[in-house]
Amino acid sequence: MLRVVLAEDAVLLRAGLVELLTRSGHEVVAAVGDAQALARAVDAELPDIVITDVRMPPDFRDEGLKAALELRARHERLPVLVLSQYVATAYATQLVSGGGTGAAGLGYLLKDRVGEVSEFLDTLRRVAAGQTVIDPEVVRVLLQQQTASRPLNRLTPREREVLTLMAEGLTNQAIAQRLSVTEASVVKHSSNIFMKLDLDPAEGNRRVLAVLAHLRGEHA
């Protein structure tokens, strides 16, 4: 069971998430509708994980994301799962790059995934366990934006598959299971990817950040 602080300004979605989390065995210790209330709730409850929308009152820009980053600065081991209505690759990269270097998990997920209950709950579990999870649709858009990138053209089709799953935050073991190959094969493909793209093969958030940065063209 996870103790959750939830921040979502849409009343119906907030109520639906509370119901979903409660029925799944988790405890929602606070459900709020703005970033200031989120900060107060986290400081008071010290939850196991925070789920927050990106855009919240008063300006509906990136108040939720900023609040998440500020909370991570105060509580370095606090896992945070950010929900977004739209594909915003800059938000995903900002979250990972500004999320600190501790062991706490980070997630960026489109709200559409909430309807896929098992996938949403799996993401929640992975983030709470310290993993970094980026929505597959965000990764797909980043890959499309970089189709003309010369470094990416060096990759084989299988290496592109591994890169995509790596950017989503999957471990080598999880990638192997998804592709029905051995973990040793994934390690080999990963090494080739890092060599071809001149990326730092660091684990955790730094590894995902390196891949995201490359897909945004910062290493092209």
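By convention here, the first residue in the shown sequence is residue 1.
Within the model, atoms OG1 of Thr156 and CZ of Arg154 stand 13.5 Å from one another, a figure rounded to the nearest 0.5 Å. The distance from the CG atom of Leu170 to the CD1 atom of Ile134 is 11.5 Å, given to the nearest 0.5 Å. Distance check: Thr171 OG1 to Arg178 CZ gives 10.5 Å after rounding to the nearest 0.5 Å. Atom CZ in Phe120 sits 12.5 Å away from atom CG in Asp112 (nearest 0.5 Å). The CG atom of Asn172 lies 6.5 Å from the CE atom of Met166; values are rounded to the nearest 0.5 Å. Between the OG atom of Ser190 and the CG atom of Leu163 there is a distance of 9.0 Å, given to the nearest 0.5 Å.
Residues Leu69 and Leu71 share a single hydrophobic cluster, defined by chaining ILVMFWY side chains whose heavy atoms lie under 4.5 Å apart. In the hydrophobic cluster analysis, where Ile, Leu, Val, Met, Phe, Trp and Tyr join through side-chain heavy atoms closer than 4.5 angstrom, Val4 is grouped together with Leu83. Note: the hydrophobic cluster containing Val127 does not contain Leu78 (ILVMFWY, side chain heavy atoms under 4.5 Å, direct or indirect links). Grouping the Ile, Leu, Val, Met, Phe, Trp and Tyr side chains by contacts below 4.5 angstrom, directly or via other members, places Val80 apart from Leu6. Transitive grouping of hydrophobic side chains (ILVMFWY, heavy atoms separated by less than 4.5 Å) keeps Val32 and Val114 in distinct clusters.
Scored by the side chain to side chain contact (heavy atoms under 4.5 Å, CB included) test, Thr182 finds Ala184, Ser185 as partners (sequence neighbours excluded). For Gln36, there are no side-chain hydrogen bond (donor to acceptor under 3.5 Å, both in side chains) partners two or more places apart in sequence or in a different chain. For Asp9, there are no salt bridge (charged side-chain N to carboxylate O under 4.0 Å, His left out) partners, not counting sequence neighbours. With sequence neighbours excluded, no residue forms a salt bridge (charged side-chain N to carboxylate O under 4.0 Å, His left out) with Lys188. For Arg113, the side-chain hydrogen bond (donor to acceptor under 3.5 Å, both in side chains) partners two or more places apart in sequence, or in a different chain, are Asp135. Partners of Asp122 by side chain to side chain contact (heavy atoms under 4.5 Å, CB included), not counting sequence neighbours, listed by chain and number: Arg125, Arg126. Remark: Thr164 pairs with Val139, Leu143, Glu168 by the side chain to side chain contact (heavy atoms under 4.5 Å, CB included) rule, at least two apart or across chains. Remark: Lys196 pairs with Glu159 by the side-chain hydrogen bond (donor to acceptor under 3.5 Å, both in side chains) rule, at least two apart or across chains. By the side-chain hydrogen bond (donor to acceptor under 3.5 Å, both in side chains) test, Arg61 is found to be paired with no residue, residues two or more places apart in sequence or in another chain being considered.
Val187 belongs to no hydrophobic cluster, as no Ile, Leu, Val, Met, Phe, Trp or Tyr side chain comes under 4.5 Å of its own.
Between Ala35 and Glu63, the closest heavy-atom pair is CB-O, 3.8 Å. Nearest heavy atoms, Leu81 versus Leu124: CD2-CD1, 4.2 Å. The heavy-atom pair separating Val54 from Ser84 by the smallest distance is CG2-CB, 3.9 Å.
In this structure, Asp34 contributes its side chain and Ala37 its backbone to a donor-acceptor pair below 3.5 Å.
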Would you mind writing out the side-chain donor-acceptor pairs for residues 41-52 within the sub-3.5 Å range, not counting sequence neighbours?
residue, atom, partner, partner atom, Å
Asp43, OD1, Arg74, NH2, 3.3
Asp43, OD1, His75, NE2, 2.9
Asp43, OD2, Arg74, NH2, 3.0
Glu45, OE1, Arg3, NH2, 3.2
Asp48, OD2, Arg3, N, 2.7

Side-chain atoms of residues 11-30: list all donor-acceptor pairs with protein atoms under 3.5 Å, sequence neighbours left out, distances to 0.1 Å.
residue, atom, partner, partner atom, Å
Arg14, NH1, Glu8, O, 2.5
Thr22, OG1, Val18, O, 2.7
Ser24, OG, Leu20, O, 2.8
His26, ND1, Leu2, N, 3.1

Could you check His189 against Ile175 for side-chain contact (heavy atoms from CB on, under 4.5 Å), going step by step and ending with a plain yes or no?
-> CA-CA 11 Å; His189 288 310; Ile175 293 173; over 6 Å; no
